[in-house]
Engineer: 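Below is one structure. I have some questions about it.
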Amino acid sequence: GTLFTNAGTFTAVGATSEFDITSATGPVQFVSAAITLHILKVNSAASSTVVNQGALVTINDTSGAKLYVQSGVLNDSGLGFATSASTTNNLTIDSGGTLCLGGAAGANTSVTCDTSATSTTTRAMPTFQTYTLNSASTVIYLSDAITTVTAIATPGYGNLTLLPKILAARTYTLGTNTLVAGALDS
């Protein structure tokens, strides 16, 4: 299937399945069929560039595997991310990075990932062995479904936003000991 559409660069790095997505403008949509990767890195030149997932992405369980949002916005497009419940993989979001869980599908252009209706399936934080979330990073939960916000160990979330396009009464529950270093918005 198609690996990448719209403006940007999709670079395979080395012998592992590491893919770096860079773009100065957006939106960008990547993968049209399910794919398993060792490292997925989003590094957009502008923090307003939205990279939209087009199919399920699995981060494998090989040592050093990670989902890395260095800068820009990574929207799961309501598809979620899969992991193999590894003891070796990592989610890293730097200060210029945003991860949207349960965001609108398709060519989403909004940095809050809500150009159209958000997912009606609960999309929780994918399971990783370690989470490295910068205090200025942002995670946005958008599912129009009853959702429990995953607790992340110290230092916790940088900025946490609950932003579903609600079509019915919904409840968002913060997991036990959920830490937010920056702002908690809804």
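The first residue of the sequence shown is numbered 1, and numbering continues consecutively from there.
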Engineer: Is a side-chain donor or acceptor of Thr122 paired with a backbone partner of Ile146 at a separation under 3.5 angstrom?
Structural biologist: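 Side chain of Thr122 to backbone of Ile146: a pair is present.
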Engineer: Just wondering, do Leu142 and Cys113 contact through their side chains at under 4.5 Å, heavy atoms?
Structural biologist: yes
Engineer: To the nearest 0.5 Å, how far apart are CG in Leu101 and CZ in Arg123?
Structural biologist: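 The CG atom of Leu101 sits 10.0 Å away from the CZ atom of Arg123.
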Engineer: Taking side chain as C-beta onward, heavy atoms only, is Val149 less than 4.5 Å from Tyr172?
Structural biologist: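 In contact.
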Engineer: If only side-chain N and O atoms count, and only distance matters, is there a donor-acceptor pair under 3.5 Å linking Asn89 with Thr83?
Structural biologist: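 Result is no, nothing qualifies.
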Engineer: Honestly curious: do Val31 and Tyr68 fall in one hydrophobic cluster under the side-chain, below-4.5 Å linking rule?
Structural biologist: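 Hydrophobic grouping puts Val31 apart from Tyr68.
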Engineer: I want to check something: taking the side chain as every heavy atom from C-beta on, are Phe128 and Lys66 in contact at a cut-off of under 4.5 Å?
Structural biologist: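 Not in contact.
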Engineer: Considering non-hydrogen atoms only, spot the tightest contact between Ser143 and Pro164 and give its length.
Structural biologist: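 Reported closest heavy-atom pair: O-CB, 3.2 Å.
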Engineer: Tell me the closest heavy-atom pair linking Leu56 and Gly80, and the distance in Å.
Structural biologist: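 That closest heavy-atom pairing would be CD1-O, 3.6 Å.
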Engineer: Indicate yes or no: at least one non-hydrogen side-chain atom of Ser137 is less than 4.5 angstrom from one of Leu99.
Structural biologist: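 Of all side-chain heavy-atom pairs linking Leu99 with Ser137, none is under 4.5 Å.
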Engineer: Could you walk me through whether Ser95 and Asn134 pass the side chain to side chain donor-acceptor pair (under 3.5 Å) test, one step at a time?
Structural biologist: CA-CA 5 Å; Ser95 63; Asn134 183 281; 4.6 Å; no
Engineer: Could you state the interatomic distance from CD1 (Ile21) to CD (Gln70), rounded to the nearest 0.5 Å?
Structural biologist: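 Answer rounded to 0.5 Å: 13.0 Å.
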Engineer: Do Tyr157 and Leu184 land in one hydrophobic cluster if side-chain heavy atoms of ILVMFWY residues count as linked below 4.5 Å?
Structural biologist: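 Tyr157 clusters together with Leu184.
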Engineer: Locate the shortest heavy-atom distance separating Gln53 from Ser77; write the atom from each residue and the value.
Structural biologist: O-OG, 2.8 Å
Engineer: With a 4.5 Å limit on heavy-atom distance, are the side chains of Thr98 and Ile140 in contact?
Structural biologist: yes
Engineer: With rounding to the nearest 0.5 angstrom, report the CG to CG distance, Leu133 to Asp94.
Structural biologist: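 Answer rounded to 0.5 Å: 10.0 Å.
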Engineer: Go through the steps for Met125 and Leu91 under the test side-chain contact (heavy atoms from CB on, under 4.5 Å), then give the verdict.
Structural biologist: CA-CA 10 Å; Met125 178 67 75; Leu91 170 64; 3.5 Å; yes
Engineer: Side chain to side chain donor-acceptor pair (under 3.5 Å), that's the test. Do Thr120 and Asp144 meet it? Break it down for me.
Structural biologist: CA-CA 5 Å; Thr120 56; Asp144 179 14; over 6 Å; no
Engineer: Dump the intermediate steps for side-chain contact (heavy atoms from CB on, under 4.5 Å) on Phe30 and Asn52, then the final yes or no.
Structural biologist: CA-CA 6 Å; Phe30 75 103; Asn52 296 292; over 6 Å; no
Engineer: Backbone N or O of Asn60 within a donor-acceptor pair of the Thr58 side chain at under 3.5 Å?
Structural biologist: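 Not at all, since once roles are kept as given, no pair shorter than 3.5 Å links the two residues.
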Engineer: Heavy atoms, side chains only, cut-off 4.5 Å: are Lys41 and Leu67 in contact?
Structural biologist: no
Engineer: Between Thr112 (side chain) and Ser110 (backbone), is there a donor-acceptor pair under 3.5 Å?
Structural biologist: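 Looks like no, no N/O pair under 3.5 Å.
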Engineer: Can you give me the closest heavy-atom contact between Ser44 and Val51, atom names plus distance?
Structural biologist: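 The pair with the smallest heavy-atom distance is OG-CG2, 4.1 Å.
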Engineer: Contact between Val57 and Phe19 at the side-chain level, heavy atoms closer than 4.5 Å - yes or no?
Structural biologist: no
Engineer: Any chain of hydrophobic side-chain contacts (each under 4.5 Å) joining Leu79 to Val69?
Structural biologist: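 As far as the 4.5 Å side-chain criterion goes, Val69 and Leu79 are not connected within one cluster.
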Engineer: With side-chain contact (heavy atoms from CB on, under 4.5 Å) as the test, would you mind laying out the steps for Thr109 and Val50 before giving the verdict?
Structural biologist: CA-CA 6 Å; Thr109 58; Val50 181; 5.9 Å; no
Engineer: Going from CG on Leu162 to CG on Leu160, what distance comes out if it is rounded to the nearest 0.5 angstrom?
Structural biologist: 5.0 Å
Engineer: Using the rule that two of Ile, Leu, Val, Met, Phe, Trp, Tyr join whenever any of their side-chain heavy atoms come within less than 4.5 Å, decide whether Val139 and Val180 are in one cluster.
Structural biologist: yes
Engineer: Nearest heavy-atom pair of Ser32 and Ala55: which atoms, and what distance?
Structural biologist: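 So the two residues come closest at C-CB, 3.7 Å.
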Engineer: Once side chain to side chain donor-acceptor pair (under 3.5 Å) is applied, do any residues pair with Asn90, and if so which ones, sequence neighbours excluded?
Structural biologist: Thr92, Thr130, Thr132
Engineer: Check the pair Asp114, Leu163 against side-chain contact (heavy atoms from CB on, under 4.5 Å), reporting the backbone distance first and the verdict last.
Structural biologist: CA-CA 8 Å; Asp114 62 350; Leu163 193 65; 3.7 Å; yes
Engineer: Ignoring hydrogens, what is the shortest heavy-atom contact between Ile59 and Ala65? Give both atom names and the distance.
Structural biologist: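 Reported closest heavy-atom pair: CG2-CB, 4.0 Å.
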Engineer: Within the side chain of Ser119, is there an N or O that forms a donor-acceptor pair under 3.5 Å with the backbone of Gly103?
Structural biologist: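 Not at all, since once roles are kept as given, no pair shorter than 3.5 Å links the two residues.
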Engineer: Just so I know, are the side chains of Tyr141 and Thr161 near enough to count as touching, which here means a heavy-atom distance under 4.5 Å?
Structural biologist: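 No, too far: nothing below the 4.5 Å cut-off.
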